[in-house]
Amino acid sequence: MKPKTTLKTHSGIGIKCLECNRAGKNARIVGAMILLLVICLPTGCSKNQKDTSVAMPAVRVAPVRRVDDFKYVQVSGSVVSPCAPSMISFLVSGRVTQVLPREGDYVKAGQLLAVIDSADYRLSVQSATAQTVQARVALQRAESEYARMKFLFDSKSLAPNDFEKFRAAYDAARQQLDQANANEQLMRKHLIDTELRAPVSGFVAMRGIEPGDLAAPGRPVFSIVGIDPVEIHVGVPETDVRLLRKGSKVTITVPALPGRTFRGTVGLVNVAADPTSRTYMTRIIVANPDRVLRIGMIAEAGIQSPERTKVMTLPGDAVVRDPQGAKMVYVYYPDKKRVHARQIETGALYDRDVQIKRGLSGTELVVIAGQDKLREGETVALADSLSPSSPVAATNAGGE
């Protein structure tokens, strides 16, 4: 009986120990959870704090550069064709049977533009040719008769008055042949003129005729403009006209073609000012082989002058635009680690840099990378850029 009692006692003890172990484990888990909450609350393990630190934009900054270069006269104007548009018309009348190019199409000199019905003109050529043949035969007869009568006249066998009649008939036959030849050539020209061809190369600016219309001599039916090269007409103030020379180099940008730069030369500076604007009309010649510059586009030109000056420049990518379209840059303030927008006015281009004419003093640190998504007064982090402890940054430290 004792072994059974001992077994029950041990069994009871085993059950009690198992329950104690479970209770202790649960207590430890609860304690750990409380400890985790206590640790997280004061240290700010919030999701918002983590997101804020990650969202801080990283930018690169650089100081304004100073370049010793020629002084540029900044003007604006419009793109025009160097020659007046060619107004093209038929030289003969007739019903139009074919019209080929449309507005905007490029045509080469000699290219066929339109055709009118040529049946009547072909018949006229055939009639003129027949008249020419008859006149040639009549001349041959008159020439033979004249030669025979001249022999008799020279041998004193024919009276002078009778000989003059044969000579007059010969001269008349020769004139008739000349007239027949001229008429035949005219009829052939009229036949050729039933095909209207481009006299110059360029773009069709106007098409004023369609198949079935009746063409009239002298009525313009096509307008062709040449755009290689083109000219930019600008007005230069009288204070700057002294800086211009024929052949001066010009740097050109066109708002309609962002990112592209064109080169030109001054072709003419007018000797008289416009009485209304008091500016001197200047023609700038620009090569346009790919024909991207079109008539009427607004262009901004920087004309190089003989004088030299110090200019401030920044990478062109550093310049952004505000919601109203004004140009601006972001200036970095090292003491506050913030950026603030500054409106600027740009000038001439220097390779990938652009001149800063107004808005900066030249001692600022300007954001040159990462500026596209910045906001006014935003805190930023420097990434692979000048250290705020550098001499340049120290000079610029000092707030707004």
So does D290 pair up with R260, basic N to acidic O under 4.0 Å?
-> yes
Distance flag, aromatic centroids of Y106 and F203, threshold under 6.0 Å = yes
Using 30° and 60° as the class limits, which term best fits the ring planes of Y121 and H190: parallel, tilted or perpendicular?
-> perpendicular
E143 and R141 ion-paired at < 4.0 Å = no
R291/D228 ion pair, N-O < 4.0 Å = no
R338 NZ/CZ over Y332 ring centroid, <6.0 Å and within 45° of normal = no
Aromatic plane relationship, F163 with F153 - under 30° parallel, 30 to 60° tilted, over 60° perpendicular | parallel
Ionic contact status for K189 with D193, cut-off 4.0 Å | yes
Got a salt bridge between R102 and D105, using NZ or NE/NH1/NH2 to carboxylate O under 4.0 Å?
-> no
Exam field: side chain Q371 to backbone D317, donor-acceptor pair closer than 3.5 Å | yes
Could you tell me whether a side-chain N or O of D213 sits under 3.5 Å from a main-chain N or O of E210, the two making a donor and an acceptor?
-> yes
Are side-chain heavy atoms of L293 and I227 found at a separation under 4.5 Å?
-> no
Is there a donor-acceptor pair closer than 3.5 Å between any side-chain N or O of R207 and the backbone N or O of V221?
-> no
Exercise: do T251 and R263 side chains pair donor with acceptor under 3.5 Å = yes
Are a donor atom and an acceptor atom from the side chains of E184 and T129 found within less than 3.5 Å of each other?
-> yes
Check: H340 ring centre within less than 6.0 Å of Y333 ring centre | yes
Could K150 and D154 be called an ion pair, given the rule that one side-chain N must be under 4.0 Å from one carboxylate O?
-> yes
Do we see a donor-acceptor contact under 3.5 Å between the side chains of Q355 and T313?
-> no
